[in-house]
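No experiment lies behind these values; they were computed from the predicted model shown. Below, each value reflects all heavy atoms present in this structure, side chains not excepted, and no hydrogens, waters or symmetry copies.
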Amino acid sequence: MRVQMTVNGEARVCDVKGSESLLFALREYLQLTGSKGACEQGECGSCSVMLDGELVCACLVMAADAHGSEVVTVEGLGGSELHPVQKALVDSGAVQCGFCTPGFVVAAAALLEENPTPSSDEMREALAGNICRCTGYGAILRGLETLVAGR
């Protein structure tokens, strides 16, 4: 099936097989490898992307279901400069092995787009679907709290 979608503001087309996930299409056909495939079951959040404005695990979305949709991946955040969330995580030392980082960045950016000044509890709740195997949650939360406090 030919899937047409807007990815990071650019019209993209790829041919996918019936059961392939959006994550697979992004990584293998569109060479957008920022979203990581770890659990492939929607448990770890490393594949988080925005699909038509909603935060989703790209591993749980069939690529064919994204036809006509707008997708924003971690590559689509920021631009010539780091997105504020990316900068906050770098500044706080929250980027460890980096495997979970893209999912955290997309999830945090989605949260801040919806709620520019979330409480610490709201941040924890919003990021609860993202797993860091390096156990770096403290630095991630401190970075986001610093970002929000500076707004």
Side-chain angles (χ1 to χ4, degrees), residues 3-14 21-61 63 65-66 68-151:
V3 174
Q4 298 177 331
M5 54 190 153
T6 301
V7 181
N8 300 332
E10 181 180 330
R12 303 294 299 263
V13 176
C14 59
S21 69
L22 175 60
L23 176 63
F24 186 87
L26 292 169
R27 291 182 56 82
E28 300 301 323
Y29 298 136
L30 302 180
Q31 283 72 53
L32 293 168
T33 57
S35 301
K36 306 297 187 229
C39 73
E40 302 282 340
Q41 298 176 0
E43 296 291 331
C44 72
S46 65
C47 63
S48 297
V49 300
M50 298 290 293
L51 177 65
D52 293 329
E54 297 287 328
L55 184 66
V56 299
C57 289
C59 71
L60 296 180
V61 177
D65 289 339
S69 294
E70 182 175 342
V71 179
V72 177
T73 69
V74 70
E75 291 95 338
L77 297 175
S80 61
E81 296 184 18
L82 293 176
H83 184 277
V85 170
Q86 293 169 316
K87 183 166 180 0
L89 296 186
V90 169
D91 291 348
S92 66
V95 180
Q96 298 179 73
C97 79
F99 202 80
C100 68
T101 302
F104 273 106
V105 168
V106 173
L111 168 66
L112 296 179
E113 193 169 298
E114 184 178 305
N115 178 2
T117 56
S119 68
S120 293
D121 286 343
E122 290 169 325
M123 288 182 211
R124 290 176 197 279
E125 177 69 24
L127 300 178
N130 294 75
I131 296 173
C132 172
R133 292 186 173 97
C134 301
T135 65
Y137 300 101
I140 292 168
L141 291 169
R142 281 190 300 278
L144 295 177
E145 289 168 347
T146 300
L147 172 62
V148 169
R151 290 183 158 201

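For residues 21-61, every residue pair satisfying the ring-ring contact (aromatic ring centres under 6.0 Å, His included) rule, not counting sequence neighbours, is listed here: F24-Y29.
The closest side-chain heavy-atom distance from V71 to R12 is not below 4.5 Å. In this structure, N8 and V72 have side chains that are in contact, with non-hydrogen atoms separated by less than 4.5 Å. Between L51 and V61, the closest side-chain pair of non-hydrogen atoms falls below 4.5 Å.
Annotation: salt bridge (charged side-chain N to carboxylate O under 4.0 Å, His left out) contacts of D91 (sequence neighbours excluded): K87. Annotation: side chain to side chain donor-acceptor pair (under 3.5 Å) contacts of E75 (sequence neighbours excluded): T73. With sequence neighbours left out, the side chain to side chain donor-acceptor pair (under 3.5 Å) criterion links T146 to no other residue.
Taking OG of S21 as the reference point, atom CG of D65 lies at 11.5 Å (rounded to 0.5 Å). Put simply, CD on E70 and CE on M50 are 9.5 Å apart, with the number rounded to the nearest 0.5 Å. Rounding to the nearest 0.5 Å gives a distance of 7.0 Å between CD of Q96 and CD1 of I140. One finds the NE2 atom of H83 at 10.5 Å from the CG atom of L89 (value rounded to the nearest 0.5 Å).
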- Message: Using side chain to side chain contact (heavy atoms under 4.5 Å, CB included), reason through V3 and L22 one step at a time and then give a plain yes or no.
- Response: CA-CA 10 Å; V3 174; L22 175 60; over 6 Å; no
- Task: Could you check R133 against C97 for side chain to side chain contact (heavy atoms under 4.5 Å, CB included), going step by step and ending with a plain yes or no?
- Result: CA-CA 9 Å; R133 292 186 173 97; C97 79; over 6 Å; no
What donor-acceptor contacts under 3.5 angstrom involve side-chain atoms of residues 99-118, with partners at least two apart or in another chain?
{"residue": "N115", "atom": "OD1", "partner": "T117", "partner atom": "N", "Å": "3.2"}
{"residue": "N115", "atom": "ND2", "partner": "E122", "partner atom": "OE1", "Å": "3.3"}

Residues 30-45 side chain polar contacts: donor-acceptor under 3.5 Å, at least two apart:
{"residue": "Q31", "atom": "NE2", "partner": "E28", "partner atom": "O", "Å": "2.8"}
{"residue": "K36", "atom": "NZ", "partner": "T33", "partner atom": "O", "Å": "2.9"}

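Under the 3.5 Å distance criterion, the side-chain polar atoms of S92 are matched with a main-chain donor or acceptor of A139.
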